[in-house]
Visitor: 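Below is the structure I would like to discuss, written out as C-alpha cells.
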Amino acid sequence: MEKLVITACICGAEVTKENNPAVPYTIEEIAKEAKSAYDAGASIIHLHVRWDDGTPTQDTGRFQEAMDAIRAVCPDVIIQPSTGGAVGMTDLERLASINVVPKPEYATLDCGTCNFGGDEVFVNTDNTIFNFAKIMKEKGIKPELEVFDKGMIDIALKADRKGLLVHPLHFNFVLGVQMTATLRDLAFMVDSIPCGSTWTACGIGRNAFEMAAGAIIMGGHCRIGFEDSLYLEKGVLAKSNGELVEKVVKIAKFFGREIATPAEAKKILNIG
Ligand code: KMH
Ligand code: ZN
C-alpha cells in the first residue's frame, strides 16, 4: 500500500484552552505544536490561527506570521491554510488566509452547509463553494475538498462539472459532525468519490482513532489533531499534537503502512 500521509490539524477555531490547556493560540505556541506534529510524522499542517486571547481570525498578517514561524522550525512541511475559518465569518474574511506569500500550494474548500451543534451553522452556499473553487483554481492552489456528508461529495462533483476543479480530486471525509462516524459510513464515502481520487479521513472526538485505523486499512490517509480530538484515550487529554500523531503512526506501523515525508506526500496527493 502507498505510504500514509498524516495531516495534523493543530489548532482549529472552536476548541479552547479550557477544553485542553495545550491548544495553541500564540504564534510561538502554534509553531511549537506544528513542530511536535511534524517530528512525530505529520507531513501536512492544517492551519487555523488565533489572536493571543484565543479568538479565531483569518487575518492575512496573522497567517503570514504563523506560516513563517512554522517554516522556521519545519522547513519542508506542507501548510494547508483553512478557508473555513470559524462559524459566522464572511466569505471575504475566510478567503484572507490564502493571501499570504509565497502563495499556499494547498488549502481547504468546504463543500456544503453543516450543523455545528446547538444553534451553530457553518454556511457554505453553492455560490460560496463555486467562488472559492474558482479563486483557488486561478491562484493554482490545490483544494482539499472538505465533505461532512455524502451530499457534499455531490456538490463538489457539481463544481467539478463546472470545470472549477483540477484532477485528481482530493477529499477529506470529516465524520462525526453532521454524519455519524462508523466504518460503514467511511466505506460508503470512499465508494462515492470518483475513481482515481485520493482521500483522507478524520473522526471528530471519540471517533478519531477508529476513523484513523479505518483509513489506514482502507488505503486512505489520516487527519488528527486538537481541532478534531483533544484526548489520547478516554479521560486522558493529549499533551501535544505530537502525541496524537504518534498514536496514529503506531496504528499505521501495526498494519504495515509506512509514513510519507512531505516530499512524498506532495507526490501522493498531487500537490504543487
Ligand atoms: N471551523 C469550521 C467552521 C476548514 O478548516 O476548512 C470550519 C473548518 C473547516 O474547520
Ligand atoms: Zn479546519
Side-chain angles (χ1 to χ4, degrees), residues 6-16 19 23-25 30 33-34 37 42 44-51 54-59 62-63 66-67 70 78-100 104-125 128-133 135-136 141-149 152-153 155-156 159 165 169-179 181 199-205 208 211 221-230 241 244:
I6 302 176
T7 299
C9 48
I10 59 172
C11 178
E14 284 78 26
V15 290
T16 67
N19 305 129
V23 170
Y25 293 168
I30 286 173
E33 281 306 308
I44 302 175
I45 302 297
H46 167 70
L47 190 63
H48 289 259
V49 299
R50 314 286 187 97
W51 296 117
T55 309
T57 176
Q58 291 290 97
D59 180 75
R62 191 67 170 181
F63 264 90
M67 289 170 83
I70 293 170
I78 301 160
I79 306 176
Q80 177 199 66
S82 167
T83 67
V87 169
M89 288 179 172
T90 64
D91 289 4
L92 203 61
E93 215 176 340
R94 285 166 54 181
L95 282 166
S97 63
I98 57 174
N99 294 334
V100 289
E105 304 157 287
Y106 203 25
T108 59
L109 172 59
D110 293 277
C111 294
T113 293
C114 186
N115 278 5
F116 252 57
D119 291 325
E120 302 275 275
V121 181
F122 178 38
V123 177
N124 291 283
T125 64
T128 292
I129 298 160
F130 300 155
N131 183 39
F132 278 37
I135 291 169
M136 285 189 209
I141 300 172
K142 169 133 187 165
E144 177 177 81
L145 305 166
E146 307 298 315
V147 292
F148 293 68
D149 64 27
M152 295 195 195
I153 296 178
I155 296 174
L165 302 176
L169 307 179
H170 181 76
F171 291 86
N172 180 31
F173 306 133
V174 188
L175 301 182
V177 181
Q178 171 141 293
M179 179 172 165
W199 60 273
T200 295
C202 59
I204 305 305
M211 288 304 100
H221 304 282
C222 294
R223 183 177 107 164
I224 193 81
F226 286 152
E227 179 168 348
D228 297 345
S229 171
L230 298 160
N241 279 276
L244 295 168

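Position 1 is the first residue of the sequence, and the numbers go up from there. Ligands are counted one by one from 1 in listed order, and the atoms in each one are counted from 1 as well.
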Visitor: Do T128 and N131 pair up side chain to side chain, a donor and an acceptor below 3.5 Å, judged on atom types alone?
Guide: no
Visitor: I'd like to know if the side chain of E33 and the backbone of N241 have a donor-acceptor N/O pair within less than 3.5 Å.
Guide: yes
Visitor: F116 vs F148 aromatic rings, parallel, tilted or perpendicular, using cut-offs 30° and 60°?
Guide: tilted
Visitor: Is the backbone of S97 close enough, under 3.5 Å, to the side chain of R62 for a donor and an acceptor to pair up by distance?
Guide: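 Side chain of R62 to backbone of S97, a donor-acceptor pair under 3.5 Å: no, none is there.
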Visitor: Drop me the distance from T113's OG1 to I155's CD1, to the nearest 0.5 angstrom.
Guide: 7.0 Å
Visitor: N or O contacts of ligand 1 with protein under 3.5 Å, please list pair by pair.
Guide:
residue, atom, partner, partner atom, Å
ligand 1, 1 (N), E14, OE1, 3.1
ligand 1, 1 (N), E14, OE2, 3.0
ligand 1, 1 (N), G85, O, 2.8
ligand 1, 5 (O), H46, NE2, 3.1
ligand 1, 5 (O), H48, NE2, 3.1
ligand 1, 5 (O), S82, OG, 2.7
ligand 1, 6 (O), S82, OG, 3.4
ligand 1, 6 (O), G84, N, 3.4
ligand 1, 6 (O), T108, OG1, 2.8
ligand 1, 6 (O), D110, OD1, 3.3
ligand 1, 6 (O), D110, OD2, 2.6
ligand 1, 10 (O), H48, NE2, 3.2
ligand 1, 10 (O), E227, OE2, 2.9

Visitor: Taking C-beta and beyond as the side chain, do C114 and M152 meet within less than 4.5 Å on heavy atoms?
Guide: yes
Visitor: Ignoring hydrogens and angles, state whether a donor on the side chain of S82 or H46 is under 3.5 Å from an acceptor on the partner side chain.
Guide: no
Visitor: Look at the side chain of T83 and the backbone N and O of R94, then say whether any donor-acceptor pair between them is shorter than 3.5 Å.
Guide: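 It does not hold such a pair.
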Visitor: So, R223 side chain and V174 main chain: donor-acceptor pair closer than 3.5 Å or not?
Guide: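 A pair under 3.5 Å: no.
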Visitor: What is the number of protein N, O or S atoms that sit under 2.8 Å away from the Zn ion (ligand 2)?
Guide: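 Protein heteroatoms (N, O, S) closer than 2.8 Å to the Zn ion (ligand 2) number 3.
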